[in-house]
Peer 1: 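Sharing a structure here in structure tokens format.
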Amino acid sequence: VQFVANEPWPVYYENSDAIFVPLPEKLLRLQRRDYFRLDALPLHPLKCVIKPVQNMGHAMHQITVTDISVGGISLVYPEKEFELKPGNIYPDCEIDLPEIGTLTATLQVKNIFDVASRTGKTNRRAGCVFVKPDSKTTLPLQRYVAQMQRHAAAMSTNK
């Protein structure tokens, strides 16, 4: 859960020092998936190619994947570049998984919200699920997530 905290102050609570933060007006619940979510590596970002869909009036787009799991992905793109819409289904999307191969899947957009980048630019973040994933979708994803976890563990032991 993410939120913006305004004006925290020190307090004394149950015989200990603590920090008091007023309840936020808005909460952002990030973990809505039933599967482990793997953040994409910023040095080697994954890209999702969304192909044109008849009657939706958009061209092919290559979008940055911010996280990935066996259940779905999160995409981020500049707000004025194009528009993904909640509920829309995008077939034959492709994600090149390094050392695994190209994954082809159908995505359904579940939610969209605006996020501010560190530079102050507004981007859109789209939470998507894989529609009826089969073994051709889930097995490469499981291999990729396991590979990235092994890589992260090896990096942390080398520090």
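These numbers come from the heavy atoms of this one structure, side chains and all, not from hydrogens, waters or symmetry mates. If you're wondering where the values come from, they're calculated on a predicted model, not measured in any experiment.
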Peer 1: Val76: what forms a side-chain contact (heavy atoms from CB on, under 4.5 Å) with it, not counting sequence neighbours?
Peer 2: Thr64, Thr66, Val115, Asn123
Peer 1: Which pair of non-hydrogen atoms, one from Pro140 and one from Ser135, has the smallest distance, and what is that distance?
Peer 2: CD-O, 3.6 Å
Peer 1: Would Ile112 end up clustered with Ile50 when hydrophobic side chains under 4.5 Å apart are linked, directly or stepwise?
Peer 2: yes
Peer 1: Once rounded to the nearest 0.5 Å, what's the spacing between atom CD of Gln147 and atom CD1 of Ile100?
Peer 2: 4.5 Å
Peer 1: Which value, rounded to the nearest 0.5 Å, describes the distance between Thr106 atom OG1 and Lys132 atom NZ?
Peer 2: 9.5 Å
Peer 1: Which heavy atom of Tyr144 sits nearest to which heavy atom of Ile68, and what is that distance?
Peer 2: CE2-CG2, 4.1 Å
Peer 1: About how many Å separate CG of Leu103 and CG of Leu139, when rounded to the nearest 0.5 Å?
Peer 2: 10.5 Å
Peer 1: For Leu84 and Val109, which heavy atoms make the closest approach, and how far apart are they?
Peer 2: CB-CG2, 4.1 Å
Peer 1: For the CG atom of Leu97 and the CG atom of Leu46, what is their distance to the nearest 0.5 Å?
Peer 2: 6.0 Å
Peer 1: Say you draw a straight line from OG1 of Thr137 to CD of Gln142; how long is it, rounded to the nearest 0.5 Å?
Peer 2: 11.0 Å
Peer 1: Taking NZ, NE, NH1 and NH2 as the nitrogens, is one of them in Asp96 or Lys47 under 4.0 Å from a carboxylate oxygen of the other?
Peer 2: no
Peer 1: Run the numbers on Lys51 and Glu94 for salt bridge (charged side-chain N to carboxylate O under 4.0 Å, His left out), then give the verdict.
Peer 2: CA-CA 8 Å; Lys51 297 180 179 179; Glu94 294 180 351; 3.0 Å; yes
Peer 1: Any idea which heavy atoms bring Glu7 and Pro22 closest together, and the distance?
Peer 2: O-CD, 4.1 Å
Peer 1: Do Val129 and Leu107 come within less than 4.5 Å of each other through their side chains, counting heavy atoms only?
Peer 2: no
Peer 1: Could you pull out the closest heavy-atom pair between Leu141 and Ser69, with the gap in Å?
Peer 2: CD1-O, 3.8 Å
Peer 1: Enter the distance from Asn111:CG to Cys128:SG here, rounded to the nearest 0.5 Å.
Peer 2: 8.0 Å
Peer 1: Got a donor-acceptor contact below 3.5 angstrom from the Tyr13 side chain to the Ser16 backbone?
Peer 2: no
Peer 1: By the salt bridge (Lys or Arg N to Asp or Glu O under 4.0 Å) test, which pairs, at least two apart or in different chains, include something from residues 12-21?
Peer 2: none
Peer 1: Minimum heavy-atom separation for Tyr77 to Glu83, with atom names?
Peer 2: OH-OE2, 4.2 Å
Peer 1: Sequence neighbours left out, what passes salt bridge (Lys or Arg N to Asp or Glu O under 4.0 Å) with Asp134? Give chain and number order.
Peer 2: none
Peer 1: Quick check: do Cys48 and Ile73 have side-chain heavy atoms less than 4.5 Å from each other?
Peer 2: yes
